[in-house]
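Computed over heavy atoms, backbone and side chain alike; hydrogens, waters and symmetry mates excluded. Keep in mind that what you see is a predicted model, and the values were worked out from it rather than measured.
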Amino acid sequence: MTRAMGAAMRRIHVGNALSAFGLGFTVPYLYVYVAQVRGLGAMTAGLVLAVFAVAALIVLPFAGRAIVRQGPLPVLLTALVTAAIGALSLGLASNATTVLLSAAALGAGQAVMQPALATMIVDCSTAETRSRAFAMQFFLQNLGLGVGGLIGGHLVDTTSASSFTLLFAIEAAMFLLLAVVMATVRIPRAPRIGDAPAGSAKGSWKQLLGNRAMVQLCVLGFVLFFACYGQFESGLAAYGVEAAGISTSALGSALAANTAMIVIAQFAVLKFVERRRRSRVIAAVGIIWAVAWITAGYAGLGHSSQAMATAAFVSTYALFGLGEAMLSPTVAPLVADLAPSGMAGQYNSAFALVKQLALAVGPAVGGPMGASLHAPYIVTFLVFSVGITFLGLRLGRQLTAVQDHPWRARSRVVAKGGATVESIAA
């Protein structure tokens, strides 16, 4: 990595931390703010959450092409300004129409940030540093969300709308500060990993859909987000409360355990993950999450004491966090390495679209099941976790040796006394 790439990467990581810190102020309290503080009711609050997903699904198909044509930085700056306007408007909104329009702007801006920042990370990293760069991004996102949520919880007052206005104003300020930081970034064009499918910078969805490995990764990604992230605050939370008798404070502890596991384990896990085949790491995550669902089953169906049930439920979230820490340096770099030169933005946007679909469908399916169909809920998502292992191993058969195990490929080249993979591909 050159000095210019390192300087740009440091600014990108600062930006990731700032955006996550801002989001942490409002995300945990959005439902309460709309339904109770503004007095707009549960239905409007539910619509706001739906609007976030719909806005993302609308803009992401266009975001990829915009990133390819204009570059990630202009797209990111536009998204940040849009999100800042949406956040500030949401904090001042007092009727359903304004709340929904503000949520649409905020949701669209947030959605486009993800592939734009991911593409900037790709452009400012090499195959050797990419896994560590995405691991750092994930670490800072979780740390920022946790710290932001903790501070926001001390500032918020459900009897005062102005306290929520302050939270949304802080979130908007973080987006604008991020825009200022990102405007100073000078993005070098990074050398690319070899063996990626050839293609023009123009790209198209048709070309992407013709990449069998990418299509399989998108299917796998949908299952990953559907079976884990899509259940955290919906089905799994409902199951914990209804089946395991988990208190709201214990549910908060479970979410904290998830974040703590990621923050503590991320870089220890990275050393393990970097030297192993990516498809095998994904398969291992499926096994870990299967154990997590079995542990959740014990919490709600095991007829144990309340203390044991709570401990098992908190452990479930911690196990999910361990799997997430293994995925962060694995999946995002793989998306980048599958993309033809100049099309990282398109591929990142496509994967972000799959993620949003899973996060929209996951709560809709898991919420009702977790609340009332306790045993079927556990069995269903246990099967999905086993499916992750199967899909991960199947994906490995579609990947080249360099894509599946870049560390070993680099080691072989160096052992032969040759150039690195990146220089070969250049």
### Arg65 side chain vs Pro61 backbone, donor-acceptor pair below 3.5 Å
no
| So do the side chains of Asn348 and Ile67 get within less than 4.5 Å of each other, counting heavy atoms only? | no
Give the C-alpha distance, both sets of side-chain angles, the deciding distance and a yes or no for side chain to side chain contact (heavy atoms under 4.5 Å, CB included) between Leu338 and Leu399.
CA-CA 9 Å; Leu338 288 173; Leu399 302 177; 3.9 Å; yes
The single option from Phe226, Trp289, Tyr239 that satisfies ring pair (Phe, Tyr, Trp, His ring centres under 6.0 Å) with Phe381 is Phe226
Counting only heavy atoms not in Gln70, do more than 12 fall under 6.0 Å of its CD?
no
Whether Asp337 and Arg130 form a salt bridge (side-chain N of Lys/Arg under 4.0 Å from carboxylate O of Asp/Glu) is what I want to check. yes
Looking at Asp404 and Arg278, does any basic side-chain N land under 4.0 Å from a carboxylate oxygen? no
Inset, instruction - Count the heavy atoms of every other residue, nucleotide or ligand shown that sit under 6.0 Å from CZ of Phe62, and state whether that count exceeds 12. - result: no
Tell me yes or no: between the side chains of Asn142 and Glu324, is some donor less than 3.5 Å from an acceptor?
no
Sorted by chain and residue number, the salt bridge (charged side-chain N to carboxylate O under 4.0 Å, His left out) partners of Arg132 (sequence neighbours excluded) come out as Glu274
| said: Apply side chain to side chain contact (heavy atoms under 4.5 Å, CB included) to residues Phe175 and Glu171 and explain how you reach the verdict. | reply: CA-CA 6 Å; Phe175 290 142; Glu171 181 180 29; 3.5 Å; yes
| message | Is there a side-chain contact between Met182 and Leu178 in this structure, where contact means two heavy atoms from C-beta onward sitting under 4.5 Å apart? | response | yes
Exercise. Judged by atom type as modelled, is there a donor-acceptor pair below 3.5 Å linking the side chain of His405 to the main-chain atoms of Arg275?
Worked result: yes
Only residue of Phe313, Phe320, Phe384 satisfying ring pair (Phe, Tyr, Trp, His ring centres under 6.0 Å) with Trp293 is Phe320
Worksheet item: Going by heavy atoms in the side chains, are Leu176 and Leu80 under 4.5 Å from each other?
Response: no
Exercise for the section: State whether the side chain of Tyr33 and the backbone N or O of Leu90 hold a donor-acceptor pair below 3.5 Å, judged by distance alone. Expected result: yes
Side chains of Gln216 and Leu391: does their closest heavy-atom pair fall under 4.5 Å?
no
- Query: Any side-chain donor-acceptor pair under 3.5 Å between Ser328 and Gln266?
  - Reply: yes
By side-chain contact (heavy atoms from CB on, under 4.5 Å), Val147 pairs with (sequence neighbours left out) Phe21, Leu143, Ile151
Notebook entry, point to check: Are the side chain of Gln306 and the backbone N or O of Gly245 linked by a donor-acceptor pair below 3.5 Å?
Noted result: yes
Ser19 side chain to Asn16 backbone, donor-acceptor under 3.5 Å
yes
Note to self: Quick check: do Pro340 and Gln207 have side-chain heavy atoms less than 4.5 Å from each other?
What the structure shows: yes
Query - Side-chain touch Lys355/Phe222, heavy atoms, less than 4.5 angstrom - result: no
side-chain contact (heavy atoms from CB on, under 4.5 Å) filter on Tyr298, not counting sequence neighbours, yields Ser304, Met308, Ala312
Between Gln114 (side chain) and Ala111 (backbone), is there a donor-acceptor pair under 3.5 Å?
no
ask   = For residues Tyr377 and Gln231, is any side-chain donor paired with an opposing acceptor at under 3.5 Å?
value = yes
